[in-house]
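Along the sequence shown, the residues carry numbers beginning at 1.
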Amino acid sequence: MENTEKELFKKIDTYKQTVIDLQTNMIACPAVAPSQGGKGEGAKATYLLSVLKQMKFDEVSVINIKDPSAEGGVRPNIVAKYYGENKKKALWVMAHMDVVPPGDLALWKTDPYKAVVKGDKIYGRGSEDNQQGIVSGLLAVKAMMDCGVRPPCTYALLFNADEEIGSTFGIAAILKKHPKTFGKEDIFLVPDGGNPEGTMVEVAEKNMLWLKFTVSGKQAHASLPHMGNNAHRASAHLIVRLDEALHKKFNKKDKLFAPESAGTFEPTKHEANVPNVNTIPGTDVFYFDCRAIPCYKNKEVLDEVAKAVKAVEKEFKVKVKVEQLIAEESKATDKNAEVVKLTVAAVKSVYKNTPRPMGVGGGTVASFLRNAGYPAVVYCKVDDLAHQPNEYSSIKNTLGDAKVFVSVALNFK
């Protein structure tokens, strides 16, 4: 097995031009969600299918999820399998095809939808998030195919849709409508999060709770405050109460997360209230991004929020409406799970570093898998350029991650 791994690693090192070609073609397909002004993943999926059909996969299929707003009326999710010696268990490498819009074009030094190669870096929207994962997943199985190697397990790729907007047309729909896609013994690698050192093997995520607060008072002239009830003032006091109460209540530490924190509770967006200075706002709207570690439940956070809201309503004689925009809770993958041990060992072997299981504050599609009972690890070696102008992907990291996936596949027996 050791000689086989060395042979495959050597083959992967010859794929630099393949990395550039794949990235160049995908960057030219702006797979932006319809809700953000795009057409969806159709064009990119068509290109990837053409690539997959030229390779020696045993199965290639598409799970189309209906979306009338997308080009063609569907959001495609691609499945490709290369059979292993044991077809009853599979290593899934799962990456998403959709990208976020480029944002302010004045901040880009290159055309975001035209690949530009400078040394080890390939610039373009989506190059890192998440096309590096797509390419490394492809190169791993390409090496096995080119060398005539069948791994102990089936090696499966899932290129999914809609990750950037919530996965309604992606993994969430697959788990709900096509649950037989995955087997009970399957494990998952999601190359959609990491750090520049390549040491983060992500096994847990904080719960997410996005809240919208609408505070209702009474509008009046600012020179006659007694005639109204300032909703903006009440909002300000409520923000401070929430900030203090949530951080005080949810204060446990968890070494899995860096920094060691029980959670983050941040006031973020604030909507415009009145257009002029001399009017007391009768309505004020603000938002909170709450993320607590998995030992807490979102209901506990909501209960604490309710206490602060009740106190402010009583003191300032206002009404406060609280809406949940996102409410997600994520189970953690056991640090001793086989996929975690295999990934840590593979990363250490390939990158000669000291990887360790960690938790993150941001949400990934791995949470859907974990909540469905599947062991999942999020791993890739990246410079963290996701969603930024001048996003790029490292060719060296792409090849390295492909070796990590090969190593995991060869040792998943």
Side-chain angles (χ1 to χ4, degrees), residues 4-5 7-9 11-12 14-15 17-26 29 31 41-65 74-97 130-161 170-171 174 178-183 185-192 339 365 369 374 376 380 398-399 401-413:
T4 299
E5 186 174 87
E7 178 188 9
L8 294 174
F9 284 8
K11 176 59 71 172
I12 289 171
T14 69
Y15 292 154
Q17 187 58 48
T18 305
V19 175
I20 295 171
D21 292 343
L22 288 167
Q23 284 278 20
T24 298
N25 284 287
M26 284 193 288
C29 299
E41 302 84 359
K44 186 177 288 185
T46 297
Y47 166 68
L48 284 171
L49 283 169
S50 71
V51 172
L52 295 173
K53 289 177 180 178
Q54 293 175 24
M55 299 173 71
K56 301 174 183 177
F57 283 100
D58 298 293
E59 289 184 39
V60 176
S61 60
V62 180
I63 300 175
N64 284 320
I65 305 300
V74 298
R75 307 291 289 279
N77 296 269
I78 301 173
V79 173
K81 292 183 178 182
Y82 182 62
Y83 294 155
E85 295 170 7
N86 183 356
K87 297 180 184 179
K88 293 183 179 180
K89 59 195 306 184
L91 164 65
W92 288 86
V93 175
M94 177 176 158
H96 64 87
M97 295 182 287
N130 189 215
Q131 289 162 198
Q132 178 174 315
I134 292 176
V135 176
S136 56
L138 273 170
L139 297 189
V141 69
K142 175 177 169 58
M144 288 186 277
M145 292 173 176
D146 289 350
C147 294
V149 173
R150 289 280 179 174
C153 65
T154 288
Y155 184 94
L157 295 172
L158 172 57
F159 299 147
N160 56 294
I171 188 60
I174 294 172
H178 304 272
K180 293 183 179 180
T181 301
F182 311 121
E185 297 184 65
D186 293 356
I187 62 175
F188 293 79
L189 266 171
V190 182
D192 194 19
V339 66
V365 290
L369 297 165
Y374 295 105
C380 57
T398 304
L399 298 176
D401 288 354
K403 293 175 184 178
V404 170
F405 302 158
V406 159
S407 181
V408 174
L410 291 179
N411 289 284
F412 182 38
K413 302 173 182 178

So do the side chains of [X] and [Y] get within less than 4.5 Å of each other, counting heavy atoms only?
X: Leu48; Y: Met26; answer: yes
X: Leu138; Y: Leu52; answer: yes
X: Tyr155; Y: Val93; answer: yes
X: Leu22; Y: Tyr47; answer: yes
X: Leu399; Y: Leu139; answer: yes
X: Val79; Y: Glu59; answer: no
X: Leu410; Y: Val149; answer: yes

Ile171: which of Leu158, Thr181, Val190 passes side-chain contact (heavy atoms from CB on, under 4.5 Å) =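 With Ile171 as partner, side-chain contact (heavy atoms from CB on, under 4.5 Å) holds for just one option, Leu158.
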Do you know which of Asp21, Val19, Asn130 makes side-chain contact (heavy atoms from CB on, under 4.5 Å) with Val135?
->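 That would be Val19; it is the only one of Asp21, Val19, Asn130 passing the side-chain contact (heavy atoms from CB on, under 4.5 Å) with Val135.
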State plainly whether the residues Asp58 and Lys87 are in salt-bridge range, i.e. N to O under 4.0 Å.
->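 Looking at Asp58 and Lys87, the cut-off is not met.
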Measure up the Trp92 and Phe188 rings against each other and bin them: parallel (under 30°), tilted (30 to 60°), perpendicular (over 60°).
->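 The arrangement is parallel - the two ring planes meet at less than 30°.
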Can you list the residues that meet the salt bridge (charged side-chain N to carboxylate O under 4.0 Å, His left out) rule with Asp146, with sequence neighbours excluded?
->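 If we apply the salt bridge (charged side-chain N to carboxylate O under 4.0 Å, His left out) test to Asp146, skipping adjacent residues, the hits are Lys142.
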Residues two or more places apart in sequence or in another chain: which of them pass salt bridge (charged side-chain N to carboxylate O under 4.0 Å, His left out) with Lys44?
->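 Here no residue qualifies.
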Let me see the working for Asn86 and Cys153 under side chain to side chain contact (heavy atoms under 4.5 Å, CB included), right down to the final yes or no.
-> CA-CA 5 Å; Asn86 183 356; Cys153 65; 5.8 Å; no
